[in-house]
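Report on the structure given below.
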Amino acid sequence: MSDEVRNGYEQADWQKHYDEQDLSWDLDHVAPPFVRLFEDHIINPGNLIVPGCGQGHEVIFFAERGFQVTGVDYTSGAVGLLRRSLKNKNLNARVLHQNFFDLDDNHNRAYDSLLEQTFFCAIRPDERAAYVDIVSRILKPGGMLAGLFYETGEKGGPPFNTTEDHIRDHFGEVFDIERLEKCTFSDEKRRDKEWLAVMRKK
Ligand SMILES: C[S@@+](CC[C@H](N)C(=O)[O-])C[C@H]1O[C@@H](n2cnc3c(N)ncnc32)[C@H](O)[C@@H]1O
């Protein structure tokens with residue numbers, strides 16, 4: 001991503017990436033740590049939401065395994081790709097084409113779990129507190145956030161650097177952080193750069 005946009009992205013900036021098929025963040029498959037958490041019965045079937053889901057490899061993976069999945073993305077390029085994949089695979093999932101920060105009260109306490117992947121680092125750092133407020137509002141009591149947080153070690157963004165302290169500072173008050181470690185089974189592209197977090201809403 002070029003220097004002139006390192007102060008944060010607007011929707012049009014994301015759309016440009018989809019128009020130009022420049023999805024440098026996209027792994028082309030579900031992130032391996034989420035597969036591991038599923039196989040280890042840490043992410044269990046129920047209502048699951050994926051904010052800033054992009055083309056939605058996680059949405060597909062968990063819909064295929066019987067979860068009731070909601071993917072949210074405000075960019076039509078992302079939503080179009082995901083809806084097409086779901087149709088081709090004859091799968092059901094709810095795809096919301098909207099701003100995550102505008103989720104209304106109908107979503108309150110609606111979800112058993114939320115998957116975070118390269119969305120927390122995609123929003124501006126001054127939006128992080130609002131992110132935590134919304135996540136805690138839409139999860140059921142005891143609901144789980146399973147997250148891969150991206151430590152770029154660089155200034156500016158997106159992606160904006162996320163450290164262990166950032167995660168503890170933002171989530172520590174409203175979540176019990178059950179697990180927070182440098183992920184040792186990341187995709188090659190993200191090796192040594194991801195924090196794996198499992199937290200439960202207090
Ligand atoms: C870096 S991409 C990550 C996509 C996906 N999570 C992945 O890892 O492949 C960030 C995504 O978040 C979406 N996005 C950014 N801000 C958003 C917002 N406020 N509401 C909904 N989607 C947003 C963008 O359209 C983009 O698809």
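Numbering of ligands and ligand atoms starts at 1, following listing order. Predicted model, so just to flag it, every value in this text is computed and none were measured. FYI, side chains are in, hydrogens and waters are out, and symmetry mates aren't considered; it's all heavy atoms of this structure.
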Any idea which atoms of ligand 1 are less than 4.0 Å away from a heavy-atom of [X]?
X: Phe101; result: 19 (N)
X: Gly54; result: 4 (C), 5 (C), 27 (O)
X: Thr75; result: 24 (C), 25 (O)
X: Tyr18; result: 26 (C), 27 (O)
X: Gln117; result: 6 (N), 8 (O)

Donor-acceptor under 3.5 Å (Lys189 side chain, Ser24 main chain): yes

Pairs meeting criterion salt bridge (Lys or Arg N to Asp or Glu O under 4.0 Å) with involvement of residues 128-144, two or more places apart: Asp105-Arg137, Asp112-Lys140

Glu39 bridged to Arg36 by N-O distance under 4.0 Å: no

Option with minimal heavy-atom separation from atom 20 (N) of ligand 1, where the choices are Tyr131, Tyr150, Phe100: Phe100

With His107, the side chain to side chain contact (heavy atoms under 4.5 Å, CB included) member among Ile134, Val72, Ile138: Ile138

So, is [X] polar-close to ligand 1, with some N/O to N/O distance under 3.5 Å?
X: Gly52; result: yes
X: Arg190; result: no
X: Phe119; result: no

Residue part near ligand 1, for Cys121, under 4.0 Å between non-hydrogen atoms: neither

Residue portion contacting ligand 1 (non-hydrogen atoms closer than 4.0 Å) for Trp14: side chain

Ring geometry between Phe61 and Phe38 (parallel below 30°, tilted from 30 to 60°, perpendicular above 60°): perpendicular

Mutual orientation of the aromatic rings belonging to Phe62 and Phe34 [parallel < 30°, tilted 30-60°, perpendicular > 60°]: perpendicular

Within-shell test, Tyr9 vs ligand 1, heavy atom, strictly < 4.0 Å: no

Any Gln98 heavy atom less than 4.0 Å from ligand 1: yes

Partners passing ring pair (Phe, Tyr, Trp, His ring centres under 6.0 Å) against Phe149 (at least two apart in sequence or in another chain): Phe120, Phe171

Residue among Arg124, Lys16, Gln15, His17 satisfying side chain to side chain donor-acceptor pair (under 3.5 Å) with Tyr9: His17

Pair Val198-Ile42, side-chain contact (heavy atoms from CB on, under 4.5 Å): steps then yes or no: CA-CA 9 Å; Val198 176; Ile42 292 167; 4.2 Å; yes

